[in-house]
Amino acid sequence: MKIVVLDGHTVNPGDLSWGELEMMGEVVVYPRTSADELLERSKDADALLTNKVVIDADAMGKLPNLKYIGVLATGYNVVDIKAAKEHGVCVTNIPAYSTDSVAQMVFAHILNITNSVAHYAEANRKGRWSSNADFCYWDTQLTELAGKTIGIVGLGHIGKKVARIARDFGMDVFAYTSKHSASLPDGIQKTTLEGLLGVSDILTLHCPLNDDTREMINSETIKRMKHGAILINTGRGPLVNEYDVACALKSGQLGGYGADVMCQEPPAADNPLFDAPNAFITPHVAWATLEARGRLMKTAVENIKAFANGDPINVVG
């Protein structure tokens with residue numbers, strides 16, 4: 001089997017091994033692949049592995065040897081699934097490999113906003129504490145999570161993990177979910193989106209991006225949130241209208257925005273969130289812990305082995 005990894009750098013910048021994959025056949029790993037390079041690099045491949053390189057119907061029609069596409073992520077919107085079926089190409093993904101890491105990033109953002117960790121660390125590097133008249137100081141509001149309400153949009157693997165952590169902090173947990181209320185874990189109260197907006201001190205987004213959820217957080221829905229509420233987005237950038245979020249941060253309607261995703265990645269340098277107060281943006285790294293990427297690589301190999309053995313797993317579409 002000839003296996004081509006189209007954009008291997010983000011998954012494995014050098015701290016993991018492709019060795020197990022290489023036992024499956026001839027492997028060529030490209031750090032990055034542009035749209036113009038896709039066909040030339042893929043022309044002899046039996047299997048393609050992609051994270052963010054788009055493989056559409058036109059490309060599949062020009063790759064007669066292609067039998068398998070492994071998406072190195074949970075989301076698989078980079079592949080035209082309908083075209084794959086028409087061309088007899090098996091498509092797999094990597095489910096639930098980053099649940100713990102993404103949930104951890106959610107609370108990294110929450111705790112940074114509520115406790116201003118980065119702010120105080122930077123001020124102290126500049127001598128603020130050393131020159132202080134008292135044994136301590138604070139110049140931001142410090143907020144205790146116990147007793148606060150967290151609203152979770154979407155209760156998949158990550159949403160449920162966030163709920164469990166929030167409960168351990170002593171928070172009240174509400175969720176907007178398609179799941180029946182009787183099937184929810186203990187301690188999670190189901191409500192409508194309208195109800196969630198009104199009750200949440202912290203609102204965190206863990207739902208798929210589709211026509212119903214695109215820009216679900218916008219100027220109108222933000223108005224219905226508590227004044228000064230915190231918004232967290234580790235789901236998909238376009239779940240929010242970034243301009244409206246920036247405006248709400250500037251007016252104080254939102255007390256903070258912690259995001260690991262943006263509408264355009266990499267974002268434009270003049271994105272309004274970069275100038276907004278209390279906006280904390282990480283570069284889509286919640287999934288990228290060494291442990292999570294190790295699980296991703298292991299599952300990617302298992303997916304190819306299962307396909308080669310005629311019993312594919314984690315098939316999508």
Side-chain angles (χ1 to χ4, degrees), residues 3 5-12 16-18 20-21 24 47-55 67-85 89-107 152-165 175-180 183-185 188 204-210 212-213 232-239 260-261 265 284-317:
I3 303 166
V5 183
L6 294 170
D7 51 348
H9 178 76
T10 51
V11 172
N12 179 16
L16 296 170
S17 171
W18 297 105
E20 286 194 63
L21 187 64
M24 299 296 300
L48 294 177
L49 298 187
T50 178
N51 190 322
K52 291 294 183 285
V53 177
V54 175
I55 306 174
K67 305 174 185 66
Y68 174 89
I69 299 172
V71 181
L72 298 174
T74 302
Y76 47 88
N77 57 303
V78 295
V79 177
D80 187 324
I81 300 300
K82 180 181 178 183
K85 286 184 178 179
V89 176
C90 177
V91 182
T92 66
N93 74 335
I94 317 286
Y97 72 94
S98 64
T99 298
D100 289 340
S101 292
V102 176
Q104 178 177 311
M105 179 63 85
V106 169
F107 280 90
I152 302 174
V153 180
L155 273 182
H157 293 291
I158 296 171
K160 286 190 286 189
K161 182 71 176 186
V162 168
R164 288 198 295 272
I165 297 170
Y176 173 55
T177 174
S178 60
K179 293 180 170 60
H180 193 279
S183 69
L184 300 186
I188 302 177
T204 181
L205 308 178
H206 302 288
C207 55
L209 176 65
N210 53 43
D212 293 328
T213 61
I232 305 294
N233 185 9
T234 57
R236 291 289 183 267
L239 293 173
D260 190 55
V261 289
E265 296 177 350
H284 205 142
V285 291
W287 68 281
T289 62
L290 179 63
E291 294 82 358
R293 288 185 293 109
R295 288 190 292 271
L296 186 155
M297 293 275 282
K298 182 175 184 293
T299 303
V301 172
E302 291 171 349
N303 283 350
I304 290 186
K305 283 182 179 178
F307 170 75
N309 291 332
D311 190 19
I313 58 175
N314 297 318
V315 177
V316 298

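What you see is a predicted model; the values in this text were computed from it and never measured.
A distance of 9.5 Å separates CG of Leu49 from CG of Asn303, quoted to the nearest 0.5 Å. Separating the CE atom in Met297 from the CG atom in Leu72 is a distance of 8.5 Å, to the nearest 0.5 Å. Considering CD1 of Ile188 and CG of Leu155, their distance stands at 5.0 Å, rounded to 0.5 Å. Between atom CD of residue Gln104 and atom CD of residue Glu291 there is a gap of 8.5 Å, rounded to the nearest 0.5 Å. Atoms NE2 and CD1, from His206 and Ile232 in turn, are 8.5 Å apart once rounded to the nearest 0.5 Å. Between atom CE of residue Met105 and atom CD1 of residue Ile158 there is a gap of 12.0 Å, rounded to the nearest 0.5 Å.
Contact record, Gly235 with Val261: O-CG1, 3.8 Å, taken as the closest heavy-atom pair. Closest of all the heavy-atom pairs between Ala286 and Asp260 is N-OD2, 2.8 Å. Taking each heavy atom of Ser101 and Thr289 in turn, the nearest pair found is OG-OG1, 2.6 Å. Taking all atoms of both residues into account, the shortest heavy-atom contact from Met24 to Ala308 is CE-CB, 4.2 Å. Closest non-hydrogen pair, Gly294 versus Leu16, comes out as N-CD1, 4.0 Å. The two residues Lys179 and Ser183 have their closest heavy-atom pair at CB-OG, 3.9 Å.
Side-chain atoms of Phe307 and Val315, non-hydrogen and from C-beta on, never get closer than 4.5 Å to each other. Residues Val5 and Val11 form no side-chain contact, since every pair of their non-hydrogen atoms from C-beta on lies 4.5 Å or further apart. Within the 4.5 Å cutoff, the side chain of Leu296 has no heavy atoms near those of the Ser98 side chain. Residues Ile152 and Thr177 are not in side-chain contact: their nearest non-hydrogen atoms beyond the backbone lie 4.5 Å or more apart. Taking the side chain as every heavy atom from C-beta outward, Arg164 and Pro185 never approach each other to under 4.5 Å. The side-chain heavy atoms of Ile313 and Thr92, taken from C-beta on, include no pair separated by under 4.5 Å.
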Between Tyr68 and Ile3, does a side chain to side chain contact (heavy atoms under 4.5 Å, CB included) hold up when you go through it step by step?
CA-CA 9 Å; Tyr68 174 89; Ile3 303 166; over 6 Å; no
Start with the C-alpha distance between Leu48 and Val53, add both sets of side-chain angles, then the distance that settles side chain to side chain contact (heavy atoms under 4.5 Å, CB included), and finish with yes or no.
CA-CA 10 Å; Leu48 294 177; Val53 177; over 6 Å; no
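The aromatic rings of Tyr97 and Trp287 lie perpendicular to each other, with more than 60° between the two planes, well past the 30° mark.
With sequence neighbours left out, Thr213 forms a side-chain contact (heavy atoms from CB on, under 4.5 Å) with Cys207, Leu209, Asn210, Met216, Leu239. Under the side-chain hydrogen bond (donor to acceptor under 3.5 Å, both in side chains) criterion, Arg293 pairs with Asp15, not counting sequence neighbours. Considering only residues two or more places apart in sequence or on other chains, Val301 meets the side-chain contact (heavy atoms from CB on, under 4.5 Å) condition with Glu20, Leu21, Lys305. When the side-chain hydrogen bond (donor to acceptor under 3.5 Å, both in side chains) test is applied to Thr234, no partner is found at least two apart in sequence or on another chain. Among residues two or more places apart in sequence or in another chain, the salt bridge (charged side-chain N to carboxylate O under 4.0 Å, His left out) test is passed with Lys161 by Asp100. Under the side-chain contact (heavy atoms from CB on, under 4.5 Å) criterion, Ser178 pairs with no residue at all, not counting sequence neighbours. In terms of the side-chain hydrogen bond (donor to acceptor under 3.5 Å, both in side chains) criterion, Asp7 has no residue partners (sequence neighbours excluded). Ser17 pairs by the side-chain hydrogen bond (donor to acceptor under 3.5 Å, both in side chains) definition with nothing, not counting sequence neighbours. Legend: residues meeting salt bridge (charged side-chain N to carboxylate O under 4.0 Å, His left out) with Lys298, ordered by chain and number and at least two apart, are Glu302. A search for side-chain contact (heavy atoms from CB on, under 4.5 Å) contacts involving His157 returns Ala96, Thr99, not counting sequence neighbours.
The salt bridge (charged side-chain N to carboxylate O under 4.0 Å, His left out) pairs that include a residue from residues 306-317 number zero, where partners must be two or more places apart or lie in different chains.
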Only pairs under 3.5 Å count here: list side-chain donor-acceptor contacts from residues 73-83, not counting sequence neighbours, and write none if there are none.
unit_1, atom_1, unit_2, atom_2, d
Thr74, OG1, Ile94, O, 2.8
Asp80, OD1, Lys82, N, 3.2
Asp80, OD1, Ala83, N, 2.9

